[in-house]
Amino acid sequence: MPTPKIAPSMLSSDFANLASEAQRMISFGADWLHMDIMDGYVSDMAKALLFHFVPNLTIGAPVIESLRKHTKAYLDCHLMVTNPLDYVEVFGKAGASGFTFHVEVSKDNWQELVKQIKSKGMRPGVALKPGTPIEEVYPLLEGENPVEMVLVMTVEPGFGGQKFMPDMMNKVRTLREKYPKLDIEVDGGLGPSTIEIAAAAGANCIVAGSSVFGAAEPGEVISLLRKSVNESQKSG
Ligand code: DX5
Ligand code: ZN
């Protein structure tokens, strides 16, 4: 069974105090820190032409580089950008640990992407939006250079604090049946009220932003998420 990884999404943290927020999450028992990299479109035209992937602009490699100076934690970088290949080198240098790109924008060059990501010492992952069928990631899990994690989005990418989409659990279940040892990450709307369904479907890497940062006791939420994954694994 792949081990549970609880990954607070730093998108919900106080960006002005990123280093102390990161240290705070690690002290509460977080395994990974989830970093949402978004390229921000400003017009429908830019969206239609796929110039940009999401309507929000967040952080880039310079921020990862600064944060890396303050923590040894695994930085689980989720790149919601249209041209991930352009970012591999800088993220590698900046100290990213995982580099997860979107399948929707990587159909033609994922093999090259995976190769480059590994050559920069990062762990390759692939993410898919709610409207993308799970079958689209299968080729990336086969062959000589497979990705090592699949991130199933459980909200539309772009913002924290959205509502969890339970329909996405079919994708997680299908993937878990086919790949018992794979790291399967769920991202969007996870918290105490949605973790059980995600854990039962077979997710082991849990991203949680607003539910952790918004809690009075973030450490308790992190423990509860981990416990739920552990218990589902035992009973499944
Ligand atoms: C959304 C991001 C998520 C987001 C999750 O595009 O990929 O990582 O921060 O935040 P919550 O847990 O608040 O839905
Ligand atoms: Zn994310």
Side-chain angles (χ1 to χ4, degrees), residues 5-15 18 21-22 25 30 32-44 46-48 50 52-60 63 75-82 84 98 100-105 125-134 136-137 149-173 175 183-216 218 220-222 224-226 228-229:
K5 302 282 182 212
I6 311 303
S9 171
M10 300 308 288
L11 188 60
S12 293
S13 73
D14 174 6
F15 274 176
L18 196 54
E21 290 282 77
M25 289 302 135
W32 290 354
L33 300 174
H34 186 77
M35 309 299 298
D36 285 307
I37 317 303
M38 304 189 188
D39 63 359
Y41 56 71
V42 288
S43 67
D44 285 347
K47 181 185 181 185
L50 260 188
H52 305 281
F53 198 70
V54 279
N56 195 7
L57 183 65
T58 57
I59 58 168
V63 175
L75 300 177
D76 174 37
C77 297
H78 175 195
L79 282 94
M80 287 159 275
V81 302
T82 32
T100 299
F101 57 88
H102 267 266
V103 69
E104 296 84 3
V105 290
V126 68
L128 70 166
K129 298 210 276 186
T132 305
I134 193 64
E136 296 205 9
V137 305
M149 181 174 85
V150 176
L151 183 163
V152 176
M153 292 231 55
T154 44
V155 297
E156 286 300 337
F159 301 94
Q162 303 181 76
K163 199 166 174 283
F164 178 76
M165 299 165 80
D167 292 358
M168 297 302 120
M169 293 307 100
N170 288 334
K171 293 186 195 178
V172 175
R173 261 189 297 274
L175 206 54
D183 271 337
I184 302 179
E185 185 168 66
V186 282
D187 183 9
L190 271 305
S193 60
T194 50
I195 183 62
E196 281 192 12
I197 168 170
N204 67 300
C205 303
I206 313 295
V207 176
S210 39
S211 69
V212 168
F213 283 93
E220 282 177 15
V221 177
I222 291 172
L224 186 150
L225 298 175
R226 184 189 319 286
S228 192
V229 175

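As a basis for the values below, the full set of heavy atoms in this structure was taken, side chains included, without hydrogen atoms, waters or symmetry mates.
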Visitor: If you look at every heavy atom in Ser210 and Gly161, which pair is closest and at what distance?
Guide: OG-CA, 3.5 Å
Visitor: Are the side chains of Ile197 and Phe164 in touch, meaning some heavy atoms are under 4.5 Å apart?
Guide: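 Yes; the side chains approach each other to less than 4.5 Å.
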Visitor: Looking only at heavy atoms, which two atoms of Ser9 and Gly209 are closest? And how far apart?
Guide: CB-CA, 3.7 Å
Visitor: How many angstroms lie between atom CE of Met10 and atom CG of Asp36, to the nearest 0.5 angstrom?
Guide: 11.0 Å
Visitor: Please evaluate residues Glu185 and Asp76 with respect to the criterion side chain to side chain contact (heavy atoms under 4.5 Å, CB included), reporting the C-alpha separation (whole Å), side-chain torsions for both, the decisive distance (0.1 Å), and the verdict.
Guide: CA-CA 11 Å; Glu185 185 168 66; Asp76 174 37; 2.7 Å; yes
Visitor: Please find the pair of heavy atoms, one from Pro55 and one from Pro157, that lie closest to each other, and give the distance.
Guide: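 For Pro55 and Pro157, the tightest heavy-atom pair comes out as CD-O, 4.4 Å.
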Visitor: Kindly determine whether Phe213 and Met25 satisfy side chain to side chain contact (heavy atoms under 4.5 Å, CB included), including the steps that lead there.
Guide: CA-CA 9 Å; Phe213 283 93; Met25 289 302 135; 3.3 Å; yes
Visitor: Nearest 0.5 Å please: distance from the CE atom of Met80 over to the CE atom of Met153.
Guide: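 The distance works out to 6.0 Å.
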Visitor: In Å, rounded to the nearest 0.5 Å, how long is the span from CZ of Arg226 to CD1 of Ile206?
Guide: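 It comes to 10.5 Å.
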Visitor: Quick check for you: to the nearest 0.5 Å, what is the distance between Ile6 atom CD1 and Leu33 atom CG?
Guide: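 Between atom CD1 of Ile6 and atom CG of Leu33 there are 12.5 Å.
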Visitor: Return the CD to CG distance between Glu196 and Leu225, rounded to the nearest 0.5 Å.
Guide: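 Reported value, rounded in 0.5 Å steps: 10.5 Å.
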Visitor: Between Leu128 and Ile134, is there a side-chain heavy-atom distance shorter than 4.5 Å?
Guide: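 Side chain of Ile134 against side chain of Leu128, heavy atoms only: contact under 4.5 Å found.
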Visitor: For His102 and His78: C-alpha separation, side-chain torsions, deciding distance, then whether side chain to side chain contact (heavy atoms under 4.5 Å, CB included) applies.
Guide: CA-CA 8 Å; His102 267 266; His78 175 195; 3.0 Å; yes
Visitor: Between Ala198 and Met169, what is the shortest heavy-atom contact and its length?
Guide: CA-SD, 3.5 Å
Visitor: Without swapping roles, check the side chain of Glu136 against the backbone of Val103 for a donor-acceptor pair under 3.5 Å.
Guide: no
Visitor: Do Ile222 and Pro8 touch side chain to side chain, with heavy atoms closer than 4.5 Å?
Guide: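 Yes, close enough: below the 4.5 Å cut-off.
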Visitor: Working to the nearest 0.5 angstrom, can you tell me the gap between His34 NE2 and Ser13 OG?
Guide: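 Reported value, rounded in 0.5 Å steps: 12.0 Å.
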Visitor: Looking at every heavy atom in both Ala215 and Ser211, which two are closest together, and how far apart are they?
Guide: CB-O, 3.4 Å
Visitor: So does Gly188 get a backbone contact from the side chain of Thr154, meaning a donor-acceptor N/O pair under 3.5 Å?
Guide: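 Yes, because the side chain of Thr154 sits within donor-acceptor range (under 3.5 Å) of the backbone of Gly188.
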Visitor: Does the pair Leu79 and Thr100 meet the rule for a side chain to side chain contact (heavy atoms under 4.5 Å, CB included), with working shown?
Guide: CA-CA 6 Å; Leu79 282 94; Thr100 299; 6.0 Å; no
Visitor: Is it the case that the side chain of Ser228 and the backbone of Ala199 share a donor-acceptor pair, with hydrogens and angles ignored and the cut-off at 3.5 Å?
Guide: no
Visitor: Shortest non-hydrogen contact from Phe53 to Asp39?
Guide: N-OD1, 2.7 Å
Visitor: Mind checking whether Lys171 and Val150 have side chains closer than 4.5 Å, heavy atoms only?
Guide: no
